[in-house]
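All of these numbers come straight from a predicted model, not from anything done at the bench.
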Amino acid sequence: MGGKNSAKRKGKKSGKPQQGQARVGSSAGSDFRGAGFAGSQVLGHGTMTANTYVQQYAPVPTALDALPQPPVGFTGREDDLAYILGVLDPDRSDEGPAVAVLSGWGGVGKTTLAYAAGHAAQKQGWFTGVLLVDLHGYDPQPAQAEEALEALLRSLGVPHEHLPPPGAGRDALYRSQLNARQDKGERLLVVTDNASAIAQVQPLVPPGHHGMLVTSRHRLTGLGRMRTINRLQPEDAVALLEAALKNNDPDDPRVGQDPEAAERLASACGYLPLALQITAALLAQDPGQPLSERADALGGTESVLDGLDDGERSLRTMFDQSLERLTPQEQDLFRLLALNPGPDISTPAAAVLADQPQPATERLLARLAASHLIERTPTARGRWQMHDLLRAYTHEQATATMNSGRAPRRRYDQARDRLIHHYIQHAQAADTHLDRRGNAVSVRFTDRDQALKWFDAERENLMATAHTTPQAALHLSFALNSYLRWRRHLQDNVVVNALALDACTKLNVTRNKAKVWNNLGGALRELRRFDDALHAHQTARDLIQQTGDTHSEAIAWNDLGLALKDLRRFDDALHAHQTARDLIQQTGDTHSEAKTWNNLGTALKELRRFDDALHAHQTARDLHQQTGDTHGEAIAWNNLGTAYRGLGRVDEAVVAGKQAAAMLAAERDWFRTGTAWGELATTLTAAGADTAQVQEAWEQSAQAYTEAGADEEAAASREHANSTESVEAQLPAVTDLPERDVASESG
């Protein structure tokens with residue numbers, strides 16, 4: 001992690017840590033009590049409807065030194081800085097919490113001030129690191145405290161697999177982590193940006209001697225020491241304007257040549273740092289424009305954006321002036337961007353909105369970025385995002401256009417429908433590269449890697465799109481199922497399937513409802529919510545039995561058997577898998593039959609019937625080979641290895657295990673690859689292999705788990721690699737792993 005090893009002071013002693021440490025409950029599983037997924041969906045201790053989407057937009061820091069530097073031209077905040085540092089000083093005289101809440105209107109520079117204060121405090125040696133999270137409080141769907149806690153815990157080094165589910169003690173674990181660091185002499189500063197409600201921030205307030213900075217457009221009383229951040233003083237605003245201009249062109253002489261016009265321009269910008277920065281960018285694009293001309297253009301002040309409380313009016317005019325400098329085509333695209341449901345947009349998606357070729361759209365986007373109305377995302381050149389104030393302005397512009405007549409509204413509705421269709425169509429195409437049903441793959445993506453890359457980039461947009469219409473929720477629940485499991489976004493999978501269940505009720509589609517229940521059961525199983533998964537799979541089976549669909553009923557019985565096995569009801573699981581096999585054999589679906597044989601074998605192994613299990617896995621392997629499903633064949637090879645080991649045929653088990661690990665790695669199924677290498681390490685030990693071979697197998701397991709993002713399993717495998725004692729007991733049986741095991745094949 002970033003940050004120094006211990007807190008250091010210049011001329012002062014560090015504050016003493018407070019006594020006590022929060023305890024975390026022993027249960028890491030999620031409550032899913034009384035789940036009813038049609039209509040309101042009860043998840044954990046809260047209620048989620050189809051209109052409630054738990055976003056994960058808050059950025060997750062990767063170190064404790066991720067605080068950005070203030071922008072060029074930061075000035076005029078000496079009094080504010082002194083106040084904040086007085087709150088954060090570990091040797092302050094009062095006993096109140098070291099929490100400063102910075103409030104003020106949008107664009108006034110709260111975030112910049114928080115960054116500057118954080119750096120100043122670190123320069124004093126008061127903090128060993130900084131945690132930063134953006135709560136997006138003024139987005140249509142703000143981040144909730146549970147997601148912020150997840151981001152903070154991840155930045156503190158807590159593996160994803162160790163995170164309690166929402167409502168199950170994340171705040172306690174967060175306090176415990178901070179108390180533990182305090183006991184080690186560390187002092188951290190937590191910066192929570194863009195909060196809109198106390199409920200977003202209250203669970204994030206650190207215990208003990210740690211510090212906190214909160215920024216908000218509202219006065220969030222009760223959290224700590226309040227500080228209202230006002231506009232810059234006129235001279236400071238002019239200094240910021242000049243610094244911003246000279247950052248673009250060190251030889252820009254305009255402020256020095258006409259200081260009176262610079263003062264008028266700063267006044268027209270309302271002395272707001274954001275407005276000044278955008279104005280400087282516009283001036284930089286037109287080096288010949290006098291400041292007086294720009295000041296005159298901004299003189300017709302109207303009001304600030306709706307939702308701000310101070311009554312300031314100049315910011316909207318500033319945005320209007322920026323918009324007026326665009327061509328009609330650029331203005332139109334700017335307004336259309338408001339229709340994107342997620343936090344950013346790709347160039348192809350923007351082209352769909354604009355209904356024009358992608359190169360032309362990219363040129364328009366680049367010009368919008370040059371005007372600082374949008375910006376490229378830091379991680380991908382072909383993606384674009386917008387500041388929250390500009391996003392609000394864009395929504396206002398789009399709404400006004402739609403309300404101007406029937407023709408514009410129809411055009412905007414058509415653009416929104418095109419975009420939703422774009423996301424659904426591409427998600428379905430990408431899914432063909434991930435699912436294992438033997439279907440032809442789409443030519444929209446060249447291979448699985450490209451499909452996964454697209455999914456990764458668009459996940460937040462796809463999840464947001466699932467909230468737009470019932471049809472979108474239903475289509476995306478199927479298209480996203482394999483991807484969300486592949487990337488271990490298991491909570492997202494629960495959310496999108498819950499939305500799909502609600503959509504099924506609204507659309508009155510019983511058959512799809514059964515399939516969604518089944519997919520939901522799979523998502524719950526991977527979150528180890530086994531009782532709720534069993535209920536979901538039983539519901540799916542019962543609904544399908546009413547339709548007389550033999551094939552779907554077989555799939556439901558197969559997945560029900562997996563849930564029963566997770567609950568260690570092995571006789572019931574065996575019956576379920578036998579039923580699934582018998583039913584699927586009636587349909588002639590060889591691919592699905594192979595899966596039922598494979599899962600039947602795992603149930604037989606749990607009952608210590610290794611000869612029968614070996615036959616089942618051999619049958620599964622042969623059927624997968626017939627259908628050309630190399631992924632299913634790899635799983636069967638791994639299970640053959642464990643069956644051979646159960647029979648004491650360790651040489652054959654080693655051969656099968658190596659074949660499974662190689663094939664799964666070729667398929668880039670890194671989680672199952674990690675499990676297969678762990679099984680092979682156990683088999684090598686049983687075969688009496690030398691220590692080097694066993695250690696190599698464990699290291700390969702750790703590497704694969706790391707690639708899959710399974711940090712807990714990776715750490716366990718690394719620990720095994722460093723020890724040769726009791727190898728058989730070091731890795732849980734494949735059916736007992738905390739994630740989906742390599743043996744299982746869902747329907």
Side-chain angles (χ1 to χ4, degrees), residues 68-81 102 104-117 119 215 229-305 308 310 312-326 367-375 386-390 393:
Q69 291 289 336
V72 173
F74 176 77
T75 185
R77 298 298 191 188
E78 290 80 8
D79 290 345
D80 292 323
L81 277 172
L102 315 181
W105 57 77
V108 79
K110 303 179 297 295
T111 298
T112 298
L113 176 59
Y115 292 169
H119 283 292
T215 73
I229 309 304
N230 296 308
R231 294 174 293 176
L232 291 171
Q233 294 299 313
E235 61 273 18
D236 295 323
V238 171
L240 188 156
L241 178 65
E242 183 174 29
L245 287 172
K246 288 187 176 295
N247 185 54
N248 289 294
D249 179 4
D251 298 322
D252 193 320
R254 285 177 283 187
V255 171
Q257 287 177 346
D258 195 351
E260 181 181 352
E263 292 175 5
R264 287 201 301 118
L265 184 55
S267 177
C269 289
Y271 308 117
L272 297 178
L274 178 60
L276 290 162
Q277 292 283 359
I278 298 175
T279 297
L282 292 170
L283 288 166
Q285 292 178 37
D286 188 359
Q289 184 181 36
L291 299 187
S292 58
E293 179 182 313
R294 191 67 195 148
D296 292 338
L298 291 176
T301 305
E302 296 178 1
S303 65
V304 295
L305 291 172
L308 301 179
D310 57 12
E312 191 63 38
R313 301 168 61 86
S314 63
L315 193 56
R316 177 181 282 120
T317 299
M318 222 294 303
F319 289 156
D320 284 340
Q321 288 295 321
S322 298
L323 191 64
E324 289 168 4
R325 291 181 66 88
L326 304 177
R367 289 201 285 268
L368 291 177
S371 299
H372 287 262
L373 291 171
I374 63 173
E375 61 183 2
M386 194 177 295
H387 188 277
D388 55 356
L389 294 176
L390 282 163
Y393 179 75

(request) Applying side chain to side chain contact (heavy atoms under 4.5 Å, CB included), run through Arg77 and Ile229 and close with a yes or a no. (result) CA-CA 9 Å; Arg77 298 298 191 188; Ile229 309 304; 3.8 Å; yes

(request) Indicate the atoms forming the closest heavy-atom contact of Ala266 with Val238, along with that distance. (result) CB-CG2, 4.1 Å

(message) Using every non-hydrogen atom in the two residues, find where Ala244 and Ala280 come nearest and quote the distance to one decimal.
(response) CB-CB, 3.6 Å

(request) Any chance you could measure Leu245, atom CG, to Gln277, atom CD, to the nearest 0.5 Å? (result) 9.5 Å

(message) I need the minimum non-hydrogen distance between Tyr115 and Pro68, along with the two atoms involved.
(response) CB-O, 3.6 Å

(request) For Pro259, check side-chain contact (heavy atoms from CB on, under 4.5 Å) against everything at least two apart and list the hits. (result) none

(request) Answer whether the closest heavy-atom distance between the side chains of Val108 and Tyr271 falls below 4.5 Å. (result) no

(request) Kindly give the heavy-atom pair with the smallest separation between Leu241 and Ala262, and that separation in Å. (result) CD2-O, 4.4 Å

(request) Hey, could you give me the OG/CZ distance between Ser267 and Arg231, rounded to the nearest 0.5 Å? (result) 8.0 Å

(request) Quick one: list whatever passes side chain to side chain donor-acceptor pair (under 3.5 Å) with Gln233, sequence neighbours left out. (result) none

(request) Sorted by first residue and then second, give each salt bridge (Lys or Arg N to Asp or Glu O under 4.0 Å) pair with at least one member in residues 254-273; sequence neighbours left out. (result) Asp252-Arg254, Arg264-Asp296

(message) Going by the rule side-chain contact (heavy atoms from CB on, under 4.5 Å), which residues pair with Ala117 if we only count those two or more places apart in sequence or in a different chain?
(response) Leu81, Ile84, Leu213

(message) How long is the straight-line distance from CG of Leu102 back to NZ of Lys110, given to the nearest 0.5 Å?
(response) 9.0 Å

(request) Taking side chain to side chain donor-acceptor pair (under 3.5 Å) as the test, write out the residues that go with Thr112, two or more places apart. (result) none

(request) Provide the closest heavy-atom pair for Asp236 versus Thr75 in the form atom of the first, atom of the second, distance. (result) O-CG2, 3.4 Å

(request) Using the test salt bridge (charged side-chain N to carboxylate O under 4.0 Å, His left out), find all partners of Asp286 that sit at least two apart in sequence or belong to another chain. (result) Arg325

(request) With side chain to side chain contact (heavy atoms under 4.5 Å, CB included) as the test, would you mind laying out the steps for Leu232 and Leu276 before giving the verdict? (result) CA-CA 11 Å; Leu232 291 171; Leu276 290 162; 4.3 Å; yes

